[in-house]
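Everything below concerns the one structure shown next.
Quantities reported herein were computed from a predicted structural model and do not represent experimental measurements.
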Amino acid sequence: MKQTGNVILITGGGSGIGRALAHRWHDSGNRVIITGRNHEKLNYTVAGKPGISTIDLDVTDPAAIRNFAQELMKQHPEVNILVNNAGVMNREDVTSGRDLGAAEATVATNLLGPIRLTNSLIDHLTAKANSVIINVTSGLAFVPLPSTPTYSATKAAMHSYSIALREQLRGKVEVIEMVPPAVQTELTPGQSTREGYMPLEEYVDEVMALFNQVPTPE
């Protein structure tokens, strides 16, 4: 993956890892497009960063993804990197019958959203030079957290999907999986200051050092 001169699309760029990556890539000479549903958070990310722009997107909505892909091609036809970062995490009690709304929203956001968005952009990406798909999964893809079973399952599925995607796209699009540990972000209430979690900037320092390796680790 080249380090400068890219046009990078980051879903969930209004907070946490997405925001930090947007700032780092912007500062190293890339144009960045961020998506999300919260205008206030998106505006906070772009403040003082003229190389970052925003487009609204609800990744749980298949029609919105199709419309977004068309608008993206009009506004930013040079996009060559897709970062599937948007995600939600909910605690669940599965010991008795319950409403599955939160679980279904987790699947729609964390799994169906990246698959649909990748599908909407894949013809464009396979035709672009230096194209990359980066899927943000989780350490919980490998060791699930019992209190977040659906979140853990979606991240395990995205890990598997990334492996298959990489093999099918080898020689056409580079596929990279980011596997964060427990990081101090706003993913869950209180997490950004939770003791024992990795500070966000320290994590992004590690990530950027890995991206700077040649070749980039898969």
May I ask you to test the [X]-[Y] pair for a side-chain heavy-atom distance under 4.5 Å?
X: Met178; Y: Ile134; answer: yes
X: Asp56; Y: Leu42; answer: yes
X: Ile122; Y: Ile133; answer: yes
X: Ile115; Y: Tyr161; answer: yes
X: Leu72; Y: Leu121; answer: yes
X: Leu9; Y: Phe68; answer: yes
X: Asn135; Y: Leu165; answer: yes

Hey, does the side chain of [X] reach the backbone of [Y] with a donor-acceptor pair shorter than 3.5 angstrom?
X: Ser138; Y: Pro181; answer: no
X: Glu92; Y: Thr150; answer: yes
X: Lys155; Y: Val136; answer: yes
X: Glu177; Y: Glu218; answer: no
X: Gln3; Y: Met1; answer: yes
X: Thr4; Y: Gly29; answer: no
X: His23; Y: Lys49; answer: no

(Q) Between Glu174 and Lys2, does any side-chain N to carboxylate O distance fall below 4.0 Å? (A)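 No, Glu174 and Lys2 are not salt-bridged.
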
Q. Between Arg24 and Glu201, does at least one N-O distance fall below 4.0 Å, as a salt bridge requires?
A. yes

Q | Partner residues of Arg116 under the side-chain contact (heavy atoms from CB on, under 4.5 Å) criterion, sequence neighbours left out | A |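 Residues passing side-chain contact (heavy atoms from CB on, under 4.5 Å) with Arg116: Pro62, Ile65, Leu112.
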
Q: Could you please spell out the steps behind the side-chain contact (heavy atoms from CB on, under 4.5 Å) verdict for Gln75 and Ser53?
A: CA-CA 10 Å; Gln75 294 188 31; Ser53 56; 6.0 Å; no

Q.
I'd like to know whether CD of Glu40 has more than 12 heavy-atom contacts from other residues, nucleotides or ligands below 6.0 angstrom.
A.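 Counting neighbours around CD of Glu40, 12 or fewer heavy atoms of other residues, nucleotides or ligands fall under 6.0 Å, so no.
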
Q: Report the C-alpha distance between Leu57 and Ile55 in whole Å, list the side-chain angles of each, state the deciding distance to 0.1 Å, and finish with yes or no for side-chain contact (heavy atoms from CB on, under 4.5 Å).
A: CA-CA 6 Å; Leu57 175 62; Ile55 304 178; 5.9 Å; no

(Q) Let's go through Asn30 and Ser28 carefully: what are the C-alpha distance in whole Å and the side-chain angles of both, what is the deciding distance for side chain to side chain donor-acceptor pair (under 3.5 Å) to 0.1 Å, and is it a yes or a no? (A) CA-CA 6 Å; Asn30 300 284; Ser28 60; 3.3 Å; yes

Q: Let me know which of Thr185, Thr45, Asn85 forms a side chain to side chain donor-acceptor pair (under 3.5 Å) with Arg19.
A: Thr45

Q | Result of checking Thr109, Val107, Asn110 against Tyr151 for side chain to side chain contact (heavy atoms under 4.5 Å, CB included) | A |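 By the side chain to side chain contact (heavy atoms under 4.5 Å, CB included) criterion, Tyr151 pairs with just one of Thr109, Val107, Asn110: Asn110.
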
Q.
Could you go through Asn67 and Glu71, starting from their C-alpha distance and side-chain angles, then the distance that decides it, and tell me whether this counts as side-chain contact (heavy atoms from CB on, under 4.5 Å)?
A. CA-CA 6 Å; Asn67 293 335; Glu71 187 64 24; over 6 Å; no

